[in-house]
Number of protein chains: 2
Amino acid sequence: MVPSPRSRSPRGQGDALRDEILDAAEALLVETQSEDAVSIRAVADRVGVTPPSIYRHFEDKPTLMFRVCDRQFDRLDVELRAHRDAESDQVAAVIACGRAYMRFGVAHPETYRIMFMGHRDDTPEQFRDETMAEHGAFAGLVDAVQAVADAGRLRPGIEVMQATLLLWACVHGLVSLRISKPDFPWPTLDEQIDTQCGVMCAALFTD
Amino acid sequence: MVPSPRSRSPRGQGDALRDEILDAAEALLVETQSEDAVSIRAVADRVGVTPPSIYRHFEDKPTLMFRVCDRQFDRLDVELRAHRDAESDQVAAVIACGRAYMRFGVAHPETYRIMFMGHRDDTPEQFRDETMAEHGAFAGLVDAVQAVADAGRLRPGIEVMQATLLLWACVHGLVSLRISKPDFPWPTLDEQIDTQCGVMCAALFTD
DNA sequence: TGTACATCAGTGAACGCGCGTTCACTGATGTAC
DNA sequence: TGTACATCAGTGAACGCGCGTTCACTGATGTAC
């Protein structure tokens with residue numbers, strides 16, 4: 001291994017390496033588009049550190065991977081929140097969220113795969129419920145649909161949670177199929193998103 | 001390894017083992033619900049044969065796994081075809097197919113995962129396009145939607161392929177989310193399927 | 001009817017692989033007296 | 001101002017693991033003459 005120019009962190013700042021590790025792992029994930037390629041050794045190499053150092057900052061590999069993805073999803077959350085705050089029309093806000101979500105998923109396939117397409121048993125306990133129901137993208141979607149309902153624009157006979165789950169299934173379905181089956185003769189992403197948003201809104205919302 | 005009671009196949013019938021291997025692999029997959037647990041060694045053990053024997057019948061592990069899943073999906077195809085033939089109402093036929101597809105996916109999570117949630121690079125070449133666009137469940141769905149269109153019951157402005165992709169995204173989304181996030185507070189499967197079918201049909205079909 | 005031979009289903013032993021992880025350690029830095 | 005010490009970020013070497021896969025082989029069975 002080539003000796004790295006990296007110098008050791010001073011006393012109180014051991015956490016500096018933590019962020020470098022997250023950055024390196026994220027970069028590897030983006031470059032290789034393969035969770036397997038992001039081994040503890042590869043991450044350590046890229047940071048310029050030996051593998052055991054990783055364990056000073058993350059308890060094991062799955063946790064590291066989820067922290068990486070979690071950080072990326074936090075950025076999505078910020079974006080979704082911005083969309084909701086920016087739109088005065090509640091239905092338009094839901095559409096904007098849906099669009100942003102689908103674009104994000106297709107643009108970050110391996111991240112999306114880890115967060116939403118993985119095996120339950122490969123998911124560290126701390127990420128099993130939390131990330132999902134309460135926190136993050138899903139909660140935002142519930143809020144956005146609730147706003148539509150509060151404005152009286154949800155189609156009669158459909159409840160907020162039903163509508164939210166249906167929307168989630170649709171956006172997730174589009175994203176995950178495109179990720180798993182890249183060789184399928186898909187239409188343009190824009191075209192598919194437009195169709196899907198149009199039909200879904202017509203089905204769920206009024207006005 | 002306990003010596004097995006299995007006796008060697010006579011001359012022309014080497015293919016007998018092939019089916020036994022498929023059966024054993026399928027049984028293991030169903031029991032463990034884990035692709036990783038279905039190792040070449042585990043399959044060989046269960047059949048009562050040594051690992052190298054597997055390679056006389058399947059070129060490698062991914063191919064074996066896909067053959068196993070393919071066989072299960074063939075059964076789904078038969079079921080879907082039966083639904084379509086049994087329903088005189090075209091829309092009812094699409095609904096029946098969608099329901100059967102979702103039930104199948106949720107009932108065979110690991111099979112579904114391998115076929116529709118895997119990495120493109122883990123998919124043997126022979127299964128990359130074929131299983132999808134031309135053959136099997138998707139083609140059946142296209143046919144069913146085409147029948148609705150032929151009956152003049154597709155909502156104006158929506159094309160057959162658009163409607164099919166949307167339906168596919170929805171059913172796949174429901175199935176794959178329930179598989180990946182079993183800890184999520186889902187509604188009953190029946191309830192979720194009913195809502196989804198109701199809303200989708202209202203959105204896409206007329207009468 | 002008997003013998004030599006080809007076939008081929010299945011074996012036994014081993015290969016290399018890269019992985020996640022653990023362990024006892026080093027050595028620079030700050031702190032107490 | 002100097003010395004002993006505690007801290008703690010990061011190291012080096014190795015562990016065990018189970019996997020997919022390969023190779024040269026055995027030995028029962030059918031076939032040709």
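Quick note on labels: first sequence line is chain A, next is B, and so on, each numbered from 1.
When the C1' atom of dG10(D) is taken as reference, atom NE2 of H57(A) falls 8 Å away, rounded to whole Å. Rounded to an integer number of Å, the gap from CD1 of I54(B) to P of dA9(C) is 14 Å. Regarding D122(B), its CG atom lies at a distance of 14 Å from the C1' atom of dG20(D), rounded to whole Å. Regarding I21(B), its CD1 atom lies at a distance of 11 Å from the C1' atom of dA9(C), rounded to whole Å. In this entry the distance linking OH of Y55(B) with P of dC19(D) reads 11 Å, nearest Å. With rounding to whole Å, D45(A) atom CG is found 10 Å from dC19(C) atom P. Atom-to-atom, CG of D60(B) to C1' of dT22(D) comes out at 14 Å; the value is rounded to the nearest Å.
With a 3.5 Å ceiling on both atom-pair distances, the Watson-Crick or G-U wobble partner of dC17(C) is dG18(D). Both distances falling under 3.5 Å, in either a Watson-Crick or a G-U wobble arrangement, place dG12(D) opposite dC23(C). Across all strands shown, dT29(D) forms a Watson-Crick or G-U wobble pair, both distances under 3.5 Å, with dA6(C). Under the Watson-Crick and G-U wobble criteria, each requiring two contacts below 3.5 Å, nucleotide dT1(C) is left unpaired.
With respect to D23(B) and R71(B), a salt bridge is recorded, a charged nitrogen being found less than 4.0 Å from a carboxylate O. Of the charged side-chain nitrogens involved, at least one lies within less than 4.0 Å of a carboxylate oxygen, so that R46(B) and E31(B) count as a salt-bridged pair.
Within a 6.0 Å radius of CZ in R81(B), no more than 12 heavy atoms belonging to other residues, nucleotides or ligands are found. Counting heavy-atom neighbours within 6.0 Å of R75(A) CZ, excluding the residue itself, gives a total above 12.
Ring-plane geometry between F184(A) and W168(B) is classed as tilted, the angle between the planes lying from 30 to 60 degrees on a 0 to 90 degree scale.
Between R56(A) and K61(A), the residue anchored closer to the 5' end of DNA chain C is K61(A), taking for each the nucleotide with the nearest heavy atom.
Phosphate contact (OP1/OP2 of dG10(D), side-chain N/O of S53(A), threshold under 4.0 Å): absent.
Nearest to the side chain of P51(B), among dT22(C), dT11(C), dT21(D), sits dT21(D).
Contacts between residues 22-41 of chain A and DNA chain D, defined by a heavy-atom separation under 4.0 Å, are made by R41(A).
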In a table with atom names and distances, give each donor-acceptor pair under 3.5 Å that connects a side chain of residues 90-99 of chain A to protein atoms at least two apart or in another chain.
{"unit_1": "R99(A)", "atom_1": "NH1", "unit_2": "D194(A)", "atom_2": "OD1", "d": "2.9"}
{"unit_1": "R99(A)", "atom_1": "NH2", "unit_2": "D194(A)", "atom_2": "OD1", "d": "2.7"}

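Counted by atom type alone, R113(A) and Q33(A) present zero donor-acceptor pairs between their side chains at under 3.5 Å.
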